[in-house]
Amino acid sequence: MRFKDQVAIVTGAAKGIGRSIALALIDEGAKVVPVDVDCEALRSLRAEVEKRGEQILPVACDIEKSPDVKAMVDQVLGAFGRIDLLVNNAGIIRRGTIETVSEEDWDRVIAVNLKGTFNCCKAVVEPMKRQRSGKIVNVSSIAGKLGDITSAPGYGSSKAGADALMKTLARQLAPSGIRVNAVAPHAIETEMSAQWPDERKREVIAGIPLGRLGRPEDVAAAVLFLASDDASFITGEILDVNGGTFMD
Ligand SMILES: NC(=O)c1ccc[n+]([C@@H]2O[C@H](COP(=O)([O-])OP(=O)(O)OC[C@H]3O[C@@H](n4cnc5c(N)ncnc54)[C@H](O)[C@@H]3O)[C@@H](O)[C@H]2O)c1
């Protein structure tokens, strides 16, 4: 069990990739705090976990709002006294072009994907510094590296911004024993990719050397690797989880 008794916050954990990350961490012995705005989906996750005989501490929290994030982190510290891992997974996407995207959609995507990530990092740094250990893993996107045709411009911009934030924090926090990394998935089978038209899905698969969409479990495995002691000499890295679509 690579995460026995480690306290792990996973944002956007009620569904999709975040849910897989949360379940994988539970399987590896972590005390998991799933954080999400979708209370009903959080309840369903809790029921699933309890059916397995395990416990979680689900917290309803909008990562856009720094006071809510701070309250969430205080709640976790009150319950467990420490935070070993933060997975910044919560994210939203909007479709469109520079002509069609609204200013509101731009602001919202940046607010959740970039500022929300900043809010969560800022809130956990003090306890992690006190512990002189901690791991942060962001769920970024191939769109942060390549841009994207179908998502609105704010999406790739938010992910590229979060990648730069990740590298900055990796440099600033390394002396305190805190590692900061990211995974960059492409085309994972979740609600987000389910919105794609069939033709787009076929085109995407045709462009993936490994010939299939990714699974949430593929992303979870990469996140757990970066968060584990197997990656103890890795910080500031963006690990591609893209079936070979983009190799850098
Ligand atoms: N699905 C893909 O193909 C794909 C590809 C590359 C990157 N990603 C990234 O992976 C992450 C997860 O995506 P997914 O496909 O599982 O999406 P999803 O929509 O299935 O899940 C996202 C979760 O985040 C939660 N969330 C949204 N806004 C929030 C907020 N303000 N505060 C707290 N929680 C919030 C949602 O309620 C949801 O449970 C995202 O950051 C996304 O950008 C996904």
Side-chain angles (χ1 to χ4, degrees), residues 3 7-28 30-80 83 85-95 104-105 107-120 123-124 137-141 151-152 154-155 158-159 162 183 185 187-197 201 213-220 223-224:
F3 295 90
V7 178
I9 297 172
V10 183
T11 70
K15 294 194 292 267
I17 293 170
R19 187 180 177 100
S20 260
I21 295 168
L23 293 173
L25 283 166
I26 292 165
D27 287 345
E28 295 261 14
K31 294 173 177 164
V32 175
V33 181
V35 169
D36 211 289
V37 282
D38 187 336
C39 296
E40 203 181 312
L42 272 182
R43 271 194 292 277
S44 119
L45 175 63
R46 177 183 230 157
E48 183 182 332
V49 170
E50 285 177 352
K51 225 188 269 169
R52 295 175 175 202
E54 310 275 359
Q55 295 292 321
I56 49 172
L57 176 65
V59 181
C61 169
D62 183 343
I63 61 162
E64 267 182 76
K65 299 182 179 134
S66 57
D68 294 17
V69 171
K70 175 122 196 7
M72 176 273 289
V73 165
D74 286 347
Q75 189 179 339
V76 177
L77 289 172
F80 301 115
I83 295 168
L85 169 62
L86 165 67
V87 182
N88 287 305
N89 164 80
I92 59 170
I93 196 163
R94 293 288 182 272
R95 300 288 164 200
E104 289 71 29
D105 275 352
D107 285 347
R108 184 115 178 75
V109 169
I110 299 288
V112 176
N113 298 4
L114 180 53
K115 186 165 177 229
T117 299
F118 163 79
N119 286 340
C120 294
V124 300
V137 182
N138 292 350
V139 180
S140 184
S141 168
S151 61
Y155 183 72
S158 69
K159 295 296 187 180
V183 296
I188 307 299
E189 285 176 18
T190 63
E191 273 181 32
M192 196 180 268
S193 51
Q195 295 165 20
W196 295 344
K201 212 174 266 182
L213 294 181
R215 302 180 188 108
E217 294 75 20
D218 296 321
V219 183
V223 169
L224 265 64

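Counting from 1, the numbers follow the sequence of the chain as shown.
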> Do any N or O atoms from the side chain of Ser140 and from the backbone of Val183 form a donor-acceptor pair under 3.5 angstrom?
Replying inline: no

> Of the non-hydrogen atoms in Val109 and Ser158, which two are nearest, and what is the gap between them?
Replying inline: CG1-OG, 3.8 Å

>> Test side-chain contact (heavy atoms from CB on, under 4.5 Å) on Asn113 and Ile93; report intermediate values, then the result.
In response: CA-CA 9 Å; Asn113 298 4; Ile93 196 163; over 6 Å; no

> Considering all heavy atoms of both residues, which atom of Ala13 and which atom of Ala22 are nearest to each other, and what is their separation?
Replying inline: CB-CB, 4.3 Å

>> Contact between Arg94 and Ser151 at the side-chain level, heavy atoms closer than 4.5 Å - yes or no?
In response: no

> If every non-hydrogen atom of Ala30 is compared with every non-hydrogen atom of Ala8, which pair is closest and at what distance?
Replying inline: CB-CB, 4.4 Å

>> Please check: side-chain N/O of Asp62 versus main-chain N/O of Val37, any donor-acceptor pairing under 3.5 Å?
In response: no

>> Can you tell me how far apart CG (Asp105) and CD1 (Ile110) are? Round to the nearest 0.5 Å.
In response: 11.5 Å

> Can you list the steps and then say if Val33 with Gln75 is a side-chain contact (heavy atoms from CB on, under 4.5 Å)?
Replying inline: CA-CA 10 Å; Val33 181; Gln75 189 179 339; over 6 Å; no

> Does any non-hydrogen side-chain atom of Leu45 lie less than 4.5 Å from one of Pro58?
Replying inline: no

> How far apart are the C-alpha atoms of Leu57 and Lys31, what are their side-chain angles, what is the distance that settles it, and do they pass the side-chain contact (heavy atoms from CB on, under 4.5 Å) test?
Replying inline: CA-CA 8 Å; Leu57 176 65; Lys31 294 173 177 164; over 6 Å; no

> Measuring from Ser44:OG to Glu48:CD, what's the distance to the nearest 0.5 Å?
Replying inline: 6.5 Å

>> Would you compute the distance between atom CD of Glu28 and atom CG of Leu23 and round it to the nearest 0.5 angstrom?
In response: 12.5 Å

>> How close do Glu54 and Ile26 get, counting heavy atoms only, and between which atoms?
In response: CG-CG2, 3.8 Å

> Quick check: does any side chain N or O of Thr117 sit under 3.5 Å from a backbone N or O of Asn88, one acting as donor and the other as acceptor?
Replying inline: no

> Rounded to the nearest 0.5 Å, how far does CD of Glu189 lie from CD1 of Ile17?
Replying inline: 11.0 Å

> Ser141 and Lys159: which non-hydrogen atoms are nearest, and at how many Å?
Replying inline: CB-CG, 3.8 Å

>> For Ala14, is there any backbone N or O sitting under 3.5 Å from a side-chain donor or acceptor partner on Arg19?
In response: yes

>> Please evaluate residues Asp27 and Arg52 with respect to the criterion side-chain contact (heavy atoms from CB on, under 4.5 Å), reporting the C-alpha separation (whole Å), side-chain torsions for both, the decisive distance (0.1 Å), and the verdict.
In response: CA-CA 10 Å; Asp27 287 345; Arg52 295 175 175 202; 2.9 Å; yes

> Do the charged groups of Glu104 and Arg108 touch, with an N to O distance under 4.0 Å?
Replying inline: no

>> So Pro185 and Val139, do their side chains get closer than 4.5 Å, heavy atoms only?
In response: yes

> With no hydrogens and no angle check, is any side-chain donor or acceptor of Asn119 less than 3.5 Å from a backbone partner on Glu64?
Replying inline: yes

> Considering only heavy atoms from C-beta outward, does the side chain of Val10 approach that of Pro34 to under 4.5 Å?
Replying inline: no

>> So, taking the atom named CG in Leu213 and the one named CD1 in Ile188, what distance separates them when rounded to the nearest 0.5 Å?
In response: 8.0 Å

> Looking at Val7, Leu25, Ile9, Val87, which one forms a side chain to side chain contact (heavy atoms under 4.5 Å, CB included) with Val32?
Replying inline: Leu25

> Any side-chain heavy-atom pair from Thr190 and Lys15 closer than 4.5 angstrom?
Replying inline: no

> Rounded to the nearest 0.5 Å, how far does OG1 of Thr11 lie from CE of Met72?
Replying inline: 7.5 Å

